Every structure is written in C-alpha cells, then in structure tokens.
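Written below as structure tokens is the structure these notes are about.
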Amino acid sequence: MIVTRFAPSPTGYLHIGGLRTALFSYLWARKNGGKFLLRIEDTDESRNSEAATQAIIEAFAWVGLEHDGDITYQSQRKEVYAQYLQQLLDEGKAYYCYLSKEELAALREQQMAAKERPRYDGRYRDFDGEVPRDIDPVIRIKAPLSGTMVIDDGIKGEVVFQAEDILDDFIIARADGTPTYNFVVAIDDALMGVTEVIRGDDHLSNTPKQMVVYEALGFDVPKFYHVPMIHNQSGKKLSKRDGATDVMAYKTMGYLPEALLNFLVRLGWSHGDQEIFSFDEMCDLFDPKDINKSASIYNTEKLDWLNAHYIKNSSNTELATLLEPYGITLVSHDKKEILLDVLKERAKTLEEMAAMVNEIISAPKTYDAKAVKKAFKGDAKAILEDFTMKLQVRDDMHLPSDYHEAMEELVNEKGIGFGKIGQPLRVALLGKLSGPGLDTVMAVIGKDESIRRISNAVTGIEI
RNA sequence: GGCCCCAUCGUCUAGCGGUUAGGAUCCAUGGUUUUCAUCCAUGUUACCGGAGUUCGAGUCUCCGUGGGGUCACCA
C-alpha cells in the first residue's frame, strides 16, 4: 500500500508551498487507495507553538485535505528516539563525541581557512582514551566516508553523491539528549510505514544523511520525490517573508478552496493541456511522474481567473453562505437569485463580490465627479424625472424585464438612445458609470428605492 | 567556494528525433453589452549559447553561461 505524509514544523502559518507538497502527497495517496498521514515536527521547543499547529490544521480543514489516522507529534515520541539512539550506541554504529561547540567552531574555521570543506574530523569515532569531564557529549552516527550514495528520485531521476563530498559523522542527538531532524525523520517515516516521501527539493541534500540512518537501523528506504521549489518574483525560494503566502489569507481575500487547489496543482504539474481540475479529477489524474523538474515562479494572475471560474460555477445558495463572513446577509432577500446570478459573472473574489452587493443594496453616498460631468449634461434631469413618472404609474414591478420595458418605452417615446437615460440613471442609482444592468439593479432594490435614488440625484447633483 | 538540481512565450505549461513549436493566463484589438465586467473572435510574444551525434535536434551527448538549492548541537 502506498503511504505518503506531510510533515511540517509548526513555526508559523501553513504557506502556499507547503500546501502544494501536501496536496501532491494527498493526491498520490488517494489515487492509489493508500494513506496520507500528518506528522507535526515539533522537536525544537524554542521555535514551535501550539497556535501554529492549530493554524496548519485549520488550513487543511478549509481546503478539505483530510489526513488518515491520528496526527503524529514528534514531541510525544521521545522514548522511541531514545531507544533507537541507544540501539545504535550499543551496536557501535553511533558514538559519543565530546567536542565542545567552541572547539567545533574552531575546527570549522581552520578548515575554511585552508579552503577545505568544513566537516567533523572523526576524532571521537573510535576513541578509547580518557573522556573529557564537564562536557555533555553529543551523539554522532558513523557515516560512510567513501563510496557513492544514489537516490532514485521519482522526479529528478538518479542523483549520485560521493560520500566524501557530503557526509561526515553527523550529530543525531544534541548535548541535551534531544534527537536531531535527519535522525527522527528517518525513524518516523519508517515506523509510520511511509512508502513515498514527496517533499520540497530543498531536502534533496538531506536525503543521503537520512539514508545513512535508514541503513544503520535496517529500515527500508522509501521512494523519494523531490518537488521543485516555488520561487518568488525575484527568483528565490518562496518563504514566509514573501507576503500573501499564508493559506488562510486566501480565504480572507475571498478565494474558494477549489480554486486555490486547482491553481496549486497546476504549479509544477500538468496533465496535457487541461487547466480545470475538480477535486475528484485531481485525485484521479495526478501522478508525480508528471511533475516538472524546474522551479516555478509564484504569480497569482491565473488564480484570479480560476477563482472567477469557480465563483461562476457556484450555486447561489453556496455563494450566499460564503458571503456572510463579509457582512452580507442575503438568505432572506427576495431578489437574491437575480442579484447573485448577475454578480457571479462579474466577481473575481468573494471580497469583490461582497463590495458589489453593497454598492447595489445601499444608496450611493457620493457621486463620482467624472461620471456626473459626463452623464448629467443637457436635459438629463428632465429625462430622469420623466422616467420616475413612468415607474410611478406601473404596478407589479418585479423582474428586470419589467424595468427594461419601462426604459424602452421612454426611449421610444422620446426618440432618444438608451445612453441618454442609461448614463444619468446609472449615476443616480450607483453613483458611478460602471456596474450591472440597470434593469437588474432596479429589480433588486425595488421600485420605491429606485425612485428615491433618482429623486435624490435630481435634487442633490449640481450641474 | 564545494556538492547537487534546473533551463520552451512576461507567467503557468504541452512537446518525449521529423510539428507552420500547441494550450492557458496576462496584454492588445474587434464583436456582444445603454456602461463596466462576463462571453466570443483575432493578434503580439518562447526553445540560454556553442560544439558534437544524426539524413534530420527544443528533444540525445559534452562544454560553457545563467538561475536555484544546500552545506547547523533549525526543521
């Protein structure tokens, strides 16, 4: 069975890049009828926070990625790591190293000065002399110091490292006894039964170290897929400092989770020319072999387009609910269908849509000066007053077509173009020259409110 | 700097030895719309450079160049 995982360290919100690798892992598990596990890498107590863990869970919930089984917390597995540490010590595959931090730093400086690669020199590897007192030792693992390490990566292909280029006896437990990342990752992935590790390719150079651990402990090495980074506009690795990378910020800005996922799945992955993927389609079609080898630049132009697409295809009931966090209450509005039918063709985000609702529902507080100048010339006011009379004599005004007829009648009687009435009317109703069809606007706000706004404009606008 | 990865329109990408190098987005223009947006149509724009292999190279090889990642008692 295929088992994948997402293993964030809870140091802040979940960001876009993390969500994408999580999505890839999720899809690959679903596609294969396998499991997708979630592990919180909270071994560094000084940097972790419970709030960050909650933020990650909240983001997962919002986009609808469900992990299988319970969440694994590394902070709750200290005994497990201690046990394997002891095992390696007992088997002579790891050893205590009494080199102090200061001595290590000095060694590194010396090597750098000599233009050598900074690395631990192995002085305690087979040490049987007198052990220094007053030093809490770290534990180092015996790594192969020659030979080649080969990663059969599902995306990059075969990646070959020379052990002497990249390895030394690296630290697997700190002086305070806590285990380090490369050690616990390997243990947890093995114990959790993870068969496919899909992660950012910034981890590619960590992989040989983890392979050392797998081998020392006799675990099977999983299949690795190192996904190319997402870069920011300046071509560097996308980080939390780049802004607008908090997944939940996209909710606030009015993006739909299906749009965000569709956007992310196409960043670095493709299935021919297809652009639109439903969640089910993604699960069905995703394959890591179709992931690109090169990094992509983060650019949300396409996200806006996708979001507009998914808004258009949402039901009015769904939209009414989604607009509520923006202070829009439409459930009981008798013209909500008409309003939403029109607005969902126009909005790129829910936030934008909410603003559009407000522009229609509430009377304009100000009139755009340019719009007034353009629309209120000649006999505009007279035409508006004529139109008011047309409205007043009509009953049963409900549909946009009812208002359209009234406008049509007026332009026909007066022998004028639609613009003659449309322009000033638009300013009167909305305060500006753009917006949805006037017949729709009037149908939504009703006859009385329409007349009120027109009369306000006629008396309130100075020409 | 060492090691590793990468390289097609501005951006996301298709291509897997023979194509007028395709799609999407963005942008521009036209149509639809009383306006704006939507929608539809059209258009501009790309194989990093150089050798080699081959009848033929965006595709394979090598060398450059450029970009990125990583080198912790962080994860």
Side-chain angles (χ1 to χ4, degrees), chain A residues 7-11 41-44 46-48 74 97 99-101 104-105 108 112 115-119 136-140 151 153 155-157 159-162 164-166 170-182 184-185 200-208 226 228-229 231 233 235-237 263 266-276 290 292-306 308 312 342-348 352 356 371 374-375 404 407 411 416-423 425-427 430 432-439:
Chain A
S9 60
T11 56
E41 311 228 317
D42 53 354
T43 52
D44 185 350
S46 61
R47 300 204 310 157
N48 297 150
Q74 289 188 328
C97 167
L99 200 63
S100 70
K101 272 188 186 176
L104 221 199
R108 181 175 299 127
M112 304 244 285
K115 301 243 179 238
E116 287 168 21
R117 180 171 80 84
R119 65 193 307 196
D136 292 324
V138 298
I139 300 175
R140 290 181 181 271
I151 304 168
D153 192 272
I155 295 170
K156 308 279 187 189
V159 181
V160 181
F161 294 92
Q162 299 302 320
E164 62 262 38
D165 286 339
I166 51 158
F170 57 94
I171 293 170
I172 56 174
R174 302 180 186 93
D176 65 5
T178 58
T180 59
Y181 169 74
N182 285 121
V184 298
V185 163
D201 75 4
D202 50 344
H203 283 284
L204 191 55
S205 51
N206 276 325
T207 308
H226 286 98
M229 299 278 87
H231 285 169
Q233 298 292 343
K236 310 279 192 222
K237 177 172 152 179
F263 170 70
R266 281 288 286 105
L267 204 58
W269 175 82
S270 61
H271 183 259
D273 285 339
Q274 188 169 345
E275 297 286 349
I276 306 288
D290 298 319
N292 248 229
K293 290 174 132 178
S294 54
S296 39
I297 293 174
Y298 189 65
N299 177 320
T300 54
E301 276 172 355
K302 218 165 195 168
L303 174 60
D304 285 340
W305 171 72
L306 282 165
K312 282 186 191 77
V342 160
L343 292 188
K344 70 186 181 188
E345 295 291 329
R346 314 173 60 84
K348 283 204 286 287
E352 223 175 75
M356 289 174 180
K374 196 169 170 204
H404 190 79
M407 290 175 77
V411 295
I416 54 176
F418 250 103
K420 271 285 186 200
I421 172 69
Q423 300 270 69
L425 183 55
R426 182 168 292 286
V427 174
L430 299 171
K432 56 177 192 172
L433 280 177
S434 61
L438 295 172
D439 44 10

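Hydrogens, waters and symmetry mates are skipped; everything else that's a heavy atom, side chains included, is used. Order of the sequence lines fixes the chain letters, A, B, ..., with proteins taken first and strands second; residue numbering starts at 1 for each chain. Owing to the predicted nature of the structure, the values given are computational and were not obtained by experimental measurement.
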dist N182(A):CG -> T207(A):OG1 (nearest 0.5 Å) comes out at 8.5 Å
E116(A) atom CD is separated from C71(B) atom C1', nearest whole Å, by 15 Å
**Asked** With a 4.0 Å cut-off on heavy atoms, is F263(A) in touch with a base, just the backbone sugar-phosphate, or nothing at all?
**Response** nothing
Exercise for the section: Pick base, sugar-phosphate or nothing for I421(A), based on heavy-atom distances below 4.0 Å to the nucleic acid. Expected result: nothing
Testing G23(B), U70(B), U34(B) for proximity to the side chain of K302(A), the answer is G23(B)
Contacts of H404(A) and Q162(A) projected onto RNA chain B by closest heavy atom; the upstream (5') one is Q162(A)
To the nearest angstrom, the CG-P distance between D304(A) and U11(B) comes to 18 Å
Distance, C1' atom - from G15(B) to A24(B), rounded to whole angstrom:
15 Å
Can you tell me if N182(A) touches the phosphate of A72(B), counting only side-chain N or O atoms and a distance under 4.0 Å to OP1 or OP2?
no
If pairing means Watson-Crick or G-U wobble with both distances under 3.5 Å, then the partner of A37(B) is none
In this structure, OG1 of T180(A) is separated from CD1 of I171(A) (nearest 0.5 Å) by 7.5 Å
Regarding E275(A), tell me which of base, sugar-phosphate or nothing describes its non-hydrogen contacts under 4.0 Å with the strands shown.
base
Nearest-Å distance once atom C1' is located in both U45(B) and A28(B) = 12 Å
Using Watson-Crick geometry (N1-N3 plus N6-O4 or O6-N4) or G-U wobble (N1-O2, O6-N3), each under 3.5 Å, U65(B) is paired with A7(B)
Testing U35(B), U25(B), C3(B) for proximity to the side chain of Q423(A), the answer is U35(B)
Taking P436(A)'s backbone N and O only, do any of them form a donor-acceptor pair with R426(A)'s side chain (distance below 3.5 Å, no angle check)? yes
Span that lies between the P atom of G52(B) and that of U13(B), in whole angstrom: 33 Å
Picking from U70(B), U11(B), U34(B), the nucleotide nearest the side-chain atoms of S205(A) would be U70(B)
*With sugar-phosphate meaning primed atoms plus P, OP1 and OP2, does G235(A) contact a base, only sugar-phosphate, or nothing at under 4.0 Å between heavy atoms?*
sugar-phosphate
In whole angstroms, the gap separating C1' of A75(B) from CG of N48(A) amounts to 9 Å
In whole angstroms, the gap separating P of U70(B) from NZ of K237(A) amounts to 4 Å
- Determine yes or no for a side-chain-to-main-chain donor-acceptor pair under 3.5 angstrom, with D304(A) supplying the side chain and K348(A) the backbone. no
Worksheet item: Counting any heavy atom closer than 4.0 Å, what does I171(A) reach on the DNA or RNA strands: base, sugar-phosphate only, or nothing?
Response: base
CZ (R140(A)) and CG (L99(A)) are apart, to the nearest 0.5 Å, by 6.5 Å
Mind checking if L99(A) touches a base, just sugar-phosphate, or nothing, with heavy atoms under 4.0 Å? base
With the side chain defined as heavy atoms from C-beta on, N292(A) is closest, among U13(B), A75(B), U34(B), to U13(B)
ask   = Taking only N and O in the side chain of S296(A), is any of them less than 4.0 Å away from OP1 or OP2 of U13(B)?
value = yes
Which part of the nucleic acid, if any, lies within reach of V185(A) when heavy atoms closer than 4.0 Å are counted: base, sugar-phosphate only, or nothing?
nothing
task = In whole angstrom, give me the gap between the C1' atoms of C62(B) and U70(B).
result = 26 Å
query = Taking atom C1' in both A46(B) and C9(B), what distance in whole Å separates the two?
reply = 4 Å
*asked:* More than 12 heavy atoms of other residues, nucleotides or ligands under 6.0 Å from NZ of K374(A): yes or no?
replied: no
Original post:
Would a 4.5 Å heavy-atom cut-off, applied to side chains only, mark V411(A) and K420(A) as touching?
Top reply: no
Original post:
Base, sugar-phosphate, or nothing for H226(A), non-hydrogen atoms under 4.0 angstrom?
Top reply: nothing
Nearest heavy-atom contact between Y181(A) and E41(A) is CE1-OE1, 3.1 Å
Heavy-atom side-chain contact between K302(A) and L267(A) under 4.5 Å: no
**Asked** When all nucleic acid strands are considered with a 4.0 Å heavy-atom cut-off, which category describes V138(A): base, sugar-phosphate, or nothing?
**Response** base
Checking N1-N3 plus N6-O4 or O6-N4 for Watson-Crick, or N1-O2 and O6-N3 for wobble, each under 3.5 Å, the partner of C26(B) is none
Re C16(B): Watson-Crick or G-U wobble partner, both distances kept under 3.5 Å, found to be none
Report yes or no: does R117(A) contribute a side-chain atom to a donor-acceptor pair with the main-chain N or O of D165(A) at less than 3.5 Å? yes
Which of C12(B), C6(B), C3(B) is nearest the side chain of K156(A)? It is C6(B)
The nucleotide from U35(B), G22(B), U11(B) with an atom nearest the side chain of D273(A) is G22(B)
Closest to the 5' end of RNA chain B, once V342(A) and S9(A) are matched to their nearest nucleotides, is V342(A)
Scan G268(A) against the nucleic acid and name what it touches under 4.0 Å (heavy atoms): base, sugar-phosphate only, or nothing.
sugar-phosphate
Rounded to whole Å, NZ of K293(A) lies from P of A14(B) at a distance of 12 Å
By the Watson-Crick or G-U definition, both distances under 3.5 Å, U32(B) is matched with none
Side-chain atoms of L267(A) come closest, of C12(B), G69(B), U35(B), to C12(B)
Which part of the nucleic acid does T207(A) contact within heavy-atom distance under 4.0 Å: base, sugar-phosphate only, or nothing? nothing
Considering only atom C1', compute the distance from G10(B) to U20(B) and round it to an integer number of Å.
24 Å
Separation of U70(B) atom P from F161(A) atom CZ, nearest Å, is 13 Å
Ranking C4(B), A75(B), U38(B) by distance to the side chain of Y181(A), first place goes to A75(B)
Ranking A75(B), G68(B), C12(B) by distance to the side chain of T180(A), first place goes to A75(B)
Among C5(B), A14(B), A24(B), the one nearest any side-chain atom of S270(A) is A14(B)
Answer for the Watson-Crick or wobble partner of G2(B), both distances under 3.5 Å, is U70(B)
Inset, instruction - Tell me what K312(A) touches on the nucleic acid: a base, only sugar-phosphate, or nothing, going by heavy atoms under 4.0 Å. - result: sugar-phosphate
- Please state the C1' separation for the pair U44(B) and A37(B) - nearest whole angstrom. 24 Å
Check every strand shown and say whether L433(A) touches a base, only sugar-phosphate, or nothing at a heavy-atom separation below 4.0 Å.
base
Short side-chain N/O contact from T43(A) to OP1 or OP2 of A75(B), under 4.0 Å: yes
From CG of L306(A) across to C1' of G23(B) the rounded distance in Å is 14 Å
Would you say a side-chain N or O of K374(A) is under 4.0 Å from OP1 or OP2 of U35(B)? no
Whole-Å distance, M356(A) CE to U38(B) P, equals 10 Å
Taking the C1' atom of each, how far is C47(B) from U59(B), in whole Å?
10 Å
- Query: Contact class for P436(A) (heavy atom, under 4.0 Å): base, sugar-phosphate, or nothing?
  - Reply: base
